[in-house]
Amino acid sequence: MIARASQLFLPTLRDDPADAEVASHKLLVRGGFIRQVGAGIWTYMPIGWRVHQKVVQIIREEMNAIGAQEMLAPVLTPAELWQATGRYDLPVVFKLQDRSGRQFVLPMSHEETFAFHGKELQSYKQLPQAWYHFGTKERDEPRPRGGLLRVREFIMKDSYSFDRDEAGLDESFRKHAEAYGRIFERCELEYYEVEAESGEMGGKDSNDFLAPGAGQNYLVRCENGDYAADIEAAHGVPAPATFPDPLDAPEEVETPGMRTIEDVSKFLQVDARATAKAMPVVVDGKIVLALIRGDDRLDEAKLAAVLGQFVRPAHPEEITEAFGASGGSIGPVASPVPVLADEALREGQYVVGANSDDRHLKGVQAGRDYEADFADLRRVKEADACPQCGGQLTIEQAIEIGHIFKLGTFYSVPFEAKFLDEDGTEKPLVMGSYGIGPGRVIAAIVEQHHDEQGIIWPRSVAPYDVHVVALPGVEEQAHEAATTLDAAGLSILLDDRDARAGEKFADADLIGLPYRITVGKKTLEDGAVDLRDRATGNDRRVPIGSLGEAF
RNA sequence: CGGGGCGUAGCGCAGCCUGGUAGCGCAUCCGCUUUGGGAGCGGAAGGUCGCCGGUUCAAAUCCGGCCGCCCCGACCA
């Protein structure tokens, strides 16, 4: 097909929009792909929607290839469905009422709705099933940002698998993971499948697909390529500490006014890595002392994974009341509250607060001088070693483009979505859920495929294959060239606007179709046109007669 | 929800401090000249200055309230 730029709704902008920070946001707006309607609310304009449809079609083909069945569930959803699982109370869920006060939800995902339909599955003979749709999701995000990176309304491909048992779920999960890999490869995305936190979806195992680029997630990777994880789930091997000579028992020392690790380690001439810092937190109204190595940062997500969702730092008054000392001077020895220590502290002797202002203890050893539960609490740092091979870890921003969950029976039990198994017993369906946001995929592609001039679309998702630039005076010949390419099965954007060459070239670079053909008097004298590869910038002169075979 | 910033023509901005006929660049429309990397000249159109209230002879400008948007944090697929 041939689209004429003179007729298209394709408003390109010369300048970056004032409110854009990340490359994908700037380029998609400038290139006339998307426009903002409100915070986190976007319209896809014609060429942006074409890209979206290309991504959707790739996803659709790969989902169908693993036997998943496409359907469509509604956006407007009776609140009862969400009350059944308790997700009704999540703050990110949009709620509304109809005129007679009936309550509804605008869903952020469709586990409830699909589990509701799962009730019609009756027998193990019907299993496994996998259903999906491209549905509009609504999220009352506390803070939308970054163009398409984090929005309040978006289309998501979400699929739901129904199996007899855990083994079946494992298989459905694996098939989805493989399909996701094929989808992202076809979109020419660099991506990593990593273990993730399950967030508010319920259930247990979940993997994220992270694409390096801008984005809200932090991807930890080993230089040797054998380890990748989201920072909230990542493990790193901390650099070893240099310990002073061991002591037979803790020794109390005066540390006047020393409240920070930096102060204490400098004052006592001790490696900061041979100190421990104590962070009192409150969960369920009780104080717990979280203990990590002095040079580490507490990872709130990991702490919450151990202690529960509602952990908060203790207030200064709570600390003083419990420990009889202020925040910078507390420690695990004779702690009045349970101690939860980071794994790094199992071995070695550390300097810790003495639970008395202006005093610290040297030579404190876990197990000998205090009792603690151990867990991985520390945030991974760049200096850490890879847990697999000891290689150097790197941390980079990444976009979460897909997330797959093993839900188990979290949804099927409240909905009583049961089936009769081969042994004649009734069992709850074992479910999985699997999401991909095409909008985020598009943003990730642009983050990974652009230059100073604009976007460089992979051919698989480009809105058109070829940008035919008609220079003044040869509009007829340009149209003929476009017709030839169209007949050869390519999709064409024909720039037939009454504009200058420089402007058309700049727009072509910005819009980023894989190929550009320039039809101008200069080369037409030789019966040829120029063919430029957007990615490499290389030009080729192609005789008009063989245009159809040039691709 | 905490901190910071912004709201003036389609887009990017100045004007506000020190109140007095609303401006610049790009884009748009008309004409002429130009035409292979965002042209030149001439003419034109386009604005309830986010909203409401207050002060004042007079408010884009000062004061109060509200709304919207962006960034950082909290939170989050």
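Any value given below was found using the heavy atoms of this structure, including those in side chains, with hydrogens, waters and symmetry copies removed. Each chain gets a letter, A, B and so on, in the order the sequences are listed, and its residues count up from 1.
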What is the pairing partner of [N], taking Watson-Crick or G-U wobble pairs with both distances under 3.5 Å in any strand?
N     : answer
B/C1  : B/G73
B/G19 : none
B/G38 : none
B/U28 : B/A44
B/C6  : B/G68
B/U56 : none

Do you know which of A/Ser206, A/Ser161, A/Ser159 makes side-chain hydrogen bond (donor to acceptor under 3.5 Å, both in side chains) with A/Tyr434?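 Going through the options one by one, the only one that passes is A/Ser161.
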Please tabulate, for the side chains in residues 464-474 of chain A, all donor-acceptor contacts under 3.5 angstrom to protein atoms that are two or more places apart in sequence or on a different chain.
| from | atom 1 | to | atom 2 | distance (Å) |
| --- | --- | --- | --- | --- |
| A/Asp465 | OD2 | A/Ser491 | N | 2.9 |
| A/Asp465 | OD2 | A/Ser491 | OG | 3.3 |

Give me each pair satisfying salt bridge (charged side-chain N to carboxylate O under 4.0 Å, His left out) with a member in residues 52-63 of chain A, each pair once, sequence neighbours excluded.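 Matches after skipping sequence neighbours: A/Arg60-A/Glu70, A/Glu61-A/Arg186, A/Glu62-A/Arg182, A/Glu62-A/Arg186.
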Listed in order of residue number, which residues of residues 520-531 of chain A have a non-hydrogen atom at under 4.0 Å from RNA chain B?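 Within this stretch, A/Gly520, A/Lys522, A/Thr523, A/Asp530 sit under 4.0 Å of the strand.
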Check each residue of residues 147-159 of chain A for a non-hydrogen atom within less than 4.0 Å of any atom in RNA chain B, then write out the ones that pass by number, or none.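 The answer is A/Arg150, A/Val151, A/Phe154.
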With rounding to the closest Å, how many angstrom separate the [atom1] atoms on [N] and [M]?
N     : M     : atom1 : answer
B/A59 : B/G15 : C1'   : 14 Å
B/C75 : B/C17 : C1'   : 39 Å
B/A45 : B/G38 : P     : 30 Å
B/A27 : B/G50 : P     : 26 Å
B/A39 : B/U35 : C1'   : 8 Å
B/A9  : B/C51 : P     : 11 Å
B/U56 : B/C41 : P     : 49 Å
B/C63 : B/C24 : P     : 28 Å

Would one find a side-chain N or O of A/Gln36 under 4.0 angstrom from OP1 or OP2 of B/C70?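 Yes, such a contact exists.
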Is any NZ, NE, NH1 or NH2 atom of the basic residue among [X] and [Y] found under 4.0 Å from an Asp or Glu carboxylate oxygen of the other?
X        : Y        : value
A/Glu232 : A/Lys302 : no
A/Lys277 : A/Asp296 : no
A/Glu153 : A/Lys137 : no
A/Lys521 : A/Glu525 : no
A/Lys406 : A/Asp170 : yes
A/Asp498 : A/Lys504 : no

Those residues that, when tested against [X], pass ring pair (Phe, Tyr, Trp, His ring centres under 6.0 Å) (two or more places apart):
X        : result
A/Phe415 : none
A/Phe94  : none
A/Trp457 : A/Phe33
A/His52  : A/Tyr44, A/Trp49

Heavy atoms only, 4.0 Å cut-off, all strands: where does [X] land among base, sugar-phosphate and nothing?
X        : answer
A/Ala501 : sugar-phosphate
A/Arg516 : base
A/Gly38  : sugar-phosphate

Check whether the side chain of A/Arg532 and the base of B/G37 form a donor-acceptor pair under 3.5 Å.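 Result: at least one qualifying N/O pair found.
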Any donor-acceptor N/O pair under 3.5 Å between B/G38 base and A/Arg497 side chain: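 Per atom types, no contact qualifies.
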Please produce a list of atom pairs where a protein N or O lies less than 3.5 Å from an N or O of nucleotides 12-16 of chain B.
| from | atom 1 | to | atom 2 | distance (Å) |
| --- | --- | --- | --- | --- |
| B/G12 | OP1 | A/Ala18 | N | 3.3 |

Could you pick out which residue, A/Pro142 or A/Phe505, lies toward the 5' side of RNA chain B when each is mapped onto its nearest nucleotide?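 Closer to the 5' end of RNA chain B: A/Phe505.
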Grab the CG-C1' distance between A/Leu90 and B/C76 for me, whole Å please.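 Checked: the CG to C1' distance equals 11 Å.
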In a table with atom names and distances, give each donor-acceptor pair under 3.5 Å that connects a side chain of residues 4-18 of chain A to protein atoms at least two apart or in another chain.
| from | atom 1 | to | atom 2 | distance (Å) |
| --- | --- | --- | --- | --- |
| A/Arg4 | NH1 | A/Asp496 | OD2 | 2.8 |
| A/Arg4 | NH2 | A/His479 | NE2 | 3.3 |
| A/Ser6 | OG | A/Asp496 | OD1 | 3.0 |
| A/Ser6 | OG | A/Asp496 | OD2 | 2.8 |
| A/Thr12 | OG1 | A/Asp507 | OD1 | 3.1 |
| A/Thr12 | OG1 | A/Asp507 | OD2 | 3.1 |

Pairs touching residues 514-543 of chain A that satisfy ring-ring contact (aromatic ring centres under 6.0 Å, His included), sequence neighbours left out: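 For residues 514-543 of chain A: A/Tyr515-A/Phe551.
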If you take the centroid of each ring, where Trp contributes its six-membered ring, are A/Phe184 and A/Phe209 closer together than 6.0 Å?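 Yes - the distance between ring centres of A/Phe209 and A/Phe184 falls below the 6.0 Å cut-off.
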Grab the N/O contacts between the protein and nucleotides 39-50 of chain B below 3.5 Å, and write none if there aren't any.
| from | atom 1 | to | atom 2 | distance (Å) |
| --- | --- | --- | --- | --- |
| B/A39 | OP2 | A/Arg500 | NE | 2.9 |
| B/A39 | N9 | A/Arg500 | NH1 | 3.3 |
| B/A39 | N7 | A/Arg500 | NH1 | 3.0 |

